[in-house]
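Notes follow once the structure below has been shown.
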Amino acid sequence: MVLMMREASSGWPCRAGGSFCLCIQVDNHGIETSLMDDLINASREFFHLPLEEKQKCSNLIDGKHFQVEGYGNDPVASKDQTLDWLDRLHLRVEPEDERNLVHWPEHPNSFRALLHEYTLTCKRIKDRILRAMAKALGLNEDYIVTQFSNKAPSFARFNYYPPCPRPDLVFGVKPHSDSGVLTILLMDKDVGGLQVLRDGVWHNVPSSPHRLLINIGDYMEIMSNGIFKSPVHRAVTNAGKERISLAMFHGLDPEKEIEPAAALLHEKQPARYRKMKAKEYLAGFYEHFCRGTRFIDSVKI
Ligand SMILES: O=C(O)CCC(=O)C(=O)O
Ligand SMILES: [Fe+2]
């Protein structure tokens with residue numbers, strides 16, 4: 001995995017002043033390609049269902065109040081917010097005993113078992129990557145993995161982008177970085193659209209069948225005291241083809257304090273980020289996401 005990180009780093013990460021904006025492409029990840037295809041196809045079947053059927057998994061309580069889990073759009077914080085051109089299905093997959101199955105599609109009936117299996121596989125990949133990253137930082141190899149308690153949440157977010165008649169007017173997903181420790185993103189096999197910001201320029205991430213993209217999240221940026229930077233990325237739309245991606249977000253226990261690892265700090269390298277509970281970070285993150293700004297900028301010291 002370290003080797004893969006090094007190989008991949010030639011393509012995407014950017015180096016600026018001793019920090020790495022990390023976005024790693026991984027091909028030999030060990031996940032059965034049939035599992036990836038079956039899960040994406042099952043989600044495609046779900047997104048193609050009639051609206052009334054999908055709304056059985058709605059992310060609106062009483063058709064009005066937004067909750068993080070379920071099928072629908074992102075939260076709307078103000079009247080002038082530009083909405084992204086996507087439908088999403090956002091599900092808590094970990095801890096397993098906190099899954100809210102009411103939001104999990106029953107059709108197609110393979111969906112739940114496939115997502116369960118994919119979740120377990122992603123968890124193993126995540127731990128291997130985090131051990132490699134801890135070593136790369138010069139930390140104890142288990143330092144990052146042990147930040148995750150059995151209350152640490154992981155979410156699967158299926159993004160469905162229908163063809164868009166005016167791709168020049170709207171994003172599939174507006175520019176953002178991900179909030180958690182690490183995201184494992186399965187991109188559409190055929191249709192590109194993901195772009196990463198590097199040195200002020202947007203670069204297309206080429207789509208390739210069964211390739212995973214590992215995105216560092218804001219929590220990792222904080223824990224590494226800015227040595228790793230969470231990449232700003234966005235998805236653009238196109239007029240011709242629908243596109244589906246699946247992001248697996250790995251977060252931390254809401255009560256967990258996120259802070260730069262003590263072993264990385266010294267007199268000449270003081271903490272660059274304020275310490276904050278994960279639940280406070282998330283609240284700020286969503287507020288900023290809706291406005292199209294980045295919360296991490298406001299926790300920098
Ligand atoms: O669709 C994509 O490729 C990106 C999705 C994404 O950035 C997200 O879900 O956070
Ligand atoms: Fe993202």
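Whatever order the structure lists ligands and atoms in, that order sets their numbers, starting from 1.
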(request) May I ask you to decide if the ring planes of F111 and F158 are parallel, tilted or perpendicular, using 30° and 60° as cut-offs? (result) tilted
(request) Could you see which bit of L185 sits under 4.0 Å from ligand 1, with heavy atoms only: side chain, backbone, both or neither? (result)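 It is the side chain that gets close, since no backbone atom is under 4.0 Å.
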For [atom], the option (of [options]) bearing the nearest heavy atom:
atom                    : options          : value
atom 10 (O) of ligand 1 : H176, M187, R157 : H176
atom 1 (O) of ligand 1  : F155, Y161, F249 : Y161
atom 5 (C) of ligand 1  : D84, N159, V196  : N159

(request) Could you tell me whether the side chain of H210 and the main chain of S208 form a donor-acceptor pair under 3.5 Å? (result)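 Checked: no pair found.
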(request) Check whether L197 and F171 end up in the same hydrophobic cluster, where Ile, Leu, Val, Met, Phe, Trp and Tyr are linked by side-chain heavy atoms less than 4.5 Å apart. (result)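 Per the 4.5 Å side-chain linkage, L197 and F171 are not co-clustered.
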(message) Could you see if L35 belongs to whatever hydrophobic cluster contains I184? Use Ile, Leu, Val, Met, Phe, Trp, Tyr and a side-chain cutoff under 4.5 Å.
(response) yes
In ligand 1, which numbered atoms sit nearer than 4.0 Å to a non-hydrogen atom of [X]?
X    : value
D178 : 10 (O)
R243 : 1 (O), 2 (C), 3 (O)
H233 : 7 (O)

(message) For K123, I'd like to know if atom NZ has over 12 heavy atoms of other residues, nucleotides or ligands within 6.0 Å.
(response)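 Atom NZ in K123 is not crowded, with 12 or fewer foreign heavy atoms closer than 6.0 Å.
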(request) Can you tell me, to 10 degrees, how wide the angle at the Fe ion (ligand 2) is between NE2 on H176 and OD1 on D178? (result) 90°
(message) A cation-pi test, strictly: NZ or CZ of K256 under 6.0 Å from the centre of the six-membered ring of Y281 and no more than 45 degrees from its axis. Yes or no?
(response)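 No.
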